[in-house]
Protein chains: 2
Amino acid sequence: MKPDCKFCKMKSPAAELLKPDEIDTLEQNCAQVKFSKGETIFREGTFATNIVYLRAGLVKIHMKGPIGEKILRLNKAPAYLGLPTTFGDRVNHYSATAITESEVCFISLDAFKNFIYSNGNFAYEIIMDLCRSELADFQRFTNLSQKQLPGRIAELLLCFSNHLFKSNAFELPLSITELANFVSASRESVSRQFSELSRLGIIELTHDKKLTILRKDMLDKISTNG
Amino acid sequence: MKPDCKFCKMKSPAAELLKPDEIDTLEQNCAQVKFSKGETIFREGTFATNIVYLRAGLVKIHMKGPIGEKILRLNKAPAYLGLPTTFGDRVNHYSATAITESEVCFISLDAFKNFIYSNGNFAYEIIMDLCRSELADFQRFTNLSQKQLPGRIAELLLCFSNHLFKSNAFELPLSITELANFVSASRESVSRQFSELSRLGIIELTHDKKLTILRKDMLDKISTNG
DNA sequence: ATATAAATGTGATATAAATCACATATTATG
DNA sequence: CATAATATGTGATTTATATCACATTTATAT
């Protein structure tokens with residue numbers, strides 16, 4: 001589908017800094033595609049040929065680990081998906097899969113590189129973006145590696161509530177099995193933790209994955225105490 | 001100490017792309033400092049006021065976690081230290097400490113920003129650098145979170161041997177306690193693993209931390225089998 | 001050099017979480 | 001719609017690893 005970048009209201013902060021002629025170039029080197037829930041946007045092991053910009057939707061970034069799939073992060077629009085795996089190597093080191101209906105712009109790598117070369121503000125914004133994600137990643141990995149399971153799950157739920165959905169009530173974007181490989185635990189253990197949180201009245205979780213945080217204070221405490 | 005960037009043989013790949021007048025600017029906005037083993041180069045929680053470039057030496061990047069210090073990565077020269085924590089927030093999210101005698105250049109943040117704005121090749125190289133480290137970090141975190149202790153330690157030793165020292169024999173750059181918080185385990189467990197690896201004749205470890213890998217094949221197997 | 005502190009090795013024990021086992025529910029699919 | 005396939009919940013058991021305890025070695029400071 002042909003995009004209309006000039007009047008696009010979902011431009012990235014970096015793209016907002018492009019000059020009119022650059023926006024024209026972008027428009028000519030950009031393809032907009034819809035993905036439904038569960039569809040793969042790019043896959044580990046394949047060649048990284050385009051810059052991938054998430055215009056709308058929610059996506060999981062995941063890679064094969066020694067004992068199975070590992071979810072590395074969730075990205076919600078607006079966000080570039082996998083700049084590091086596009087620039088860092090010819091081959092993708094991880095995959096991106098739509099969690100909800102999503103809209104993605106595929107941008108020609110060469111055009112994008114040229115923006116970096118020719119537009120310092122654009123380059124700077126991309127650098128800032130990469131830097132902020134690394135900070136968030138380090139923080140998450142440190143917590144994941146030091147907290148035990150109840151703390152890891154509490155943290156994840158708080159992250160969903162505070163940052164992703166900005167609400168105490170939301171639909172779990174991942175299955176229990178996926179949550180398990182996000183927090184690096186067995187699905188049985190995660191399932192038990194949810195039962196326990198429900199039993200204690202800290203959360204309410206319906207059969208159709210609607211989750212409500214009833215005692216955020218308790219979740220906070222569980223999250224910090226590991 | 002006044003640096004001599006023009007004739008410096010340890011320039012970063014990015015700095016190699018600077019034009020003569022930019023090199024002059026760099027030289028005027030750069031201070032070279034030596035750190036001895038154990039000295040802090042920058043500290044979590046303090047303001048990030050300079051770009052930090054490791055000209056020579058070996059450094060650990062570490063942050064406070066819920067149950068104690070966590071080592072995130074080792075950086076050997078040449079490398080920028082903590083670009084993400086310098087750009088991503090005003091305050092450092094992690095610390096850098098010299099593991100060996102090290103030489104560091106502190107570069108004015110404004111000068112560095114201007115290079116990004118004005119020199120696309122420089123900006124591109126910085127982006128590539130950030131991207132490559134994220135790939136390596138993701139890989140390491142996935143492995144650390146899925147492998148169990150013997151595999152994590154085997155992987156770390158192989159990484160030391162293959163990438164850091166490029167030799168089967170080297171001096172352990174970290175104490176047992178530090179290794180433990182690198183691989184997210186207790187120091188007792190790590191100590192036991194080393195005893196076991198020695199007992200099996202896979203490594204030899206002397207009292208003064210000189211380590212020799214005797215059976216790389218076995219380490220490889222332990223590393224892959226988790 | 002001696003005292004004091006910090007790091008290390010190793011056994012015994014406790015514990016978090018994985019695994020196994022199986023019932024039940026939910027979702028795809030011919 | 002029926003049947004298979006997949007995901008989930010929960011008890012019983014096992015296991016990896018943390019914790020505790022303490023001896024010993026190594027580093028640091030006075």
Side-chain angles (χ1 to χ4, degrees), chain A residues 36-39 60 65-71 97 99 143-156 171-200 203-211 222-223 225-226, chain B residues 36-39 60 65-71 97 99 144-156 171-200 203-211 222 225-226:
Chain A
S36 16
K37 186 177 167 150
E39 286 188 313
K60 66 170 173 177
I67 61 163
E69 211 60 20
K70 163 81 183 164
I71 296 184
T97 304
I99 293 180
N143 288 338
L144 278 182
S145 71
Q146 288 197 346
K147 287 181 185 175
Q148 46 199 68
L149 193 51
R152 302 208 294 273
I153 289 181
E155 179 180 324
L156 189 60
E171 192 179 331
L172 270 184
L174 299 171
S175 70
I176 298 288
T177 308
E178 287 174 308
L179 288 171
N181 67 48
F182 200 178
V183 301
S184 301
S186 72
R187 60 148 201 95
E188 292 97 324
S189 297
V190 173
S191 177
R192 266 185 267 268
Q193 290 298 325
F194 274 97
S195 304
E196 182 69 2
L197 288 172
S198 302
R199 200 182 60 77
L200 295 172
I203 63 168
E204 192 184 325
L205 181 57
T206 65
H207 44 82
D208 57 338
K209 300 239 168 293
K210 308 262 195 255
L211 186 140
I222 295 170
S223 172
N225 298 346
Chain B
S36 18
K37 186 177 168 150
E39 286 188 312
K60 66 170 174 176
I67 59 162
E69 211 60 21
K70 162 82 182 163
I71 295 183
T97 304
I99 293 180
L144 278 183
S145 71
Q146 288 197 346
K147 287 180 187 177
Q148 45 198 65
L149 192 51
R152 303 208 294 274
I153 289 180
E155 178 180 326
L156 189 61
E171 191 178 330
L172 272 184
L174 299 171
S175 70
I176 298 288
T177 308
E178 288 174 308
L179 288 171
N181 67 48
F182 200 177
V183 301
S184 300
S186 72
R187 61 151 200 93
E188 293 97 324
S189 297
V190 173
S191 177
R192 266 185 267 267
Q193 290 297 326
F194 273 99
S195 304
E196 183 68 1
L197 288 172
S198 302
R199 200 182 60 75
L200 296 172
I203 63 168
E204 193 185 322
L205 181 57
T206 65
H207 44 83
D208 57 337
K209 300 238 168 293
K210 307 262 194 256
L211 186 142
I222 295 170
N225 296 347

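Convention: sequence-line order gives letters A, B, ...; per-chain numbering from 1. Computed from a prediction, not measured in an experiment: that's the story for all the values here.
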Exercise. How about A:K37: does its NZ atom have over 12 heavy atoms from other parts shown lying under 6.0 Å from it?
Worked result: no

For this session: Evaluate the criterion side chain to side chain donor-acceptor pair (under 3.5 Å) for residue pair A:K147 and A:S223; output intermediate values, then yes/no.
Result: CA-CA 8 Å; A:K147 287 181 185 175; A:S223 172; 3.1 Å; yes

By side-chain hydrogen bond (donor to acceptor under 3.5 Å, both in side chains), which residues pair with [X], not counting sequence neighbours?
{"X": "B:Q193", "result": "none"}
{"X": "A:T177", "result": "none"}
{"X": "A:N181", "result": "none"}
{"X": "A:S189", "result": "A:S186"}

If the condition is side chain to side chain contact (heavy atoms under 4.5 Å, CB included), which residues does [X] pass it with, not counting sequence neighbours?
{"X": "A:E39", "result": "A:F35, A:S36"}
{"X": "B:A180", "result": "B:R187, B:V190"}
{"X": "A:I67", "result": "B:Q146"}

Output the rounded distance in Å from [atom1] ([X]) to [atom2] ([N]).
{"X": "A:Q146", "N": "D:dT19", "atom1": "CD", "atom2": "C1'", "result": "16 Å"}
{"X": "A:N181", "N": "D:dA7", "atom1": "CG", "atom2": "C1'", "result": "13 Å"}
{"X": "B:E196", "N": "D:dT17", "atom1": "CD", "atom2": "P", "result": "13 Å"}
{"X": "B:L144", "N": "D:dT17", "atom1": "CG", "atom2": "P", "result": "13 Å"}

Problem set entry | Base-contact (B) and sugar-phosphate-only (S) positions in nucleotides 24-30 of chain D, heavy-atom cut-off under 4.0 Å, - elsewhere | --S----

Exercise. What is the per-nucleotide protein-contact pattern of nucleotides 8-16 of chain C, from the 5' end, where B denotes a base atom under 4.0 Å from a protein heavy atom, S denotes such proximity for sugar-phosphate atoms only, and - denotes neither?
Worked result: BBBBB---S

Exercise. Between B:R199 and B:E196, is there a side-chain N and carboxylate O pair less than 4.0 Å apart?
Worked result: yes

Problem set entry | Backbone of B:L205 reached by a side-chain donor or acceptor of B:K210 within 3.5 Å | no

For this session: Could you provide the dot-bracket string of DNA chain D, using ( ) for intrastrand pairs, [ ] for crossing pairs and | for bases paired to another strand, with Watson-Crick or G-U pairs below 3.5 Å?
Result: ||||||||||||||||||||||||||||||

With the criterion being N/O to N/O and under 3.5 Å, what pairs connect the protein with nucleotides 28-30 of chain C, and how long is each?
none

Exercise. What distance do A:I176 atom CD1 and A:F194 atom CZ have between them, rounded to the nearest 0.5 Å?
Worked result: 5.0 Å

Problem set entry | Set of salt bridge (charged side-chain N to carboxylate O under 4.0 Å, His left out) partners for B:E188, sequence neighbours left out | none

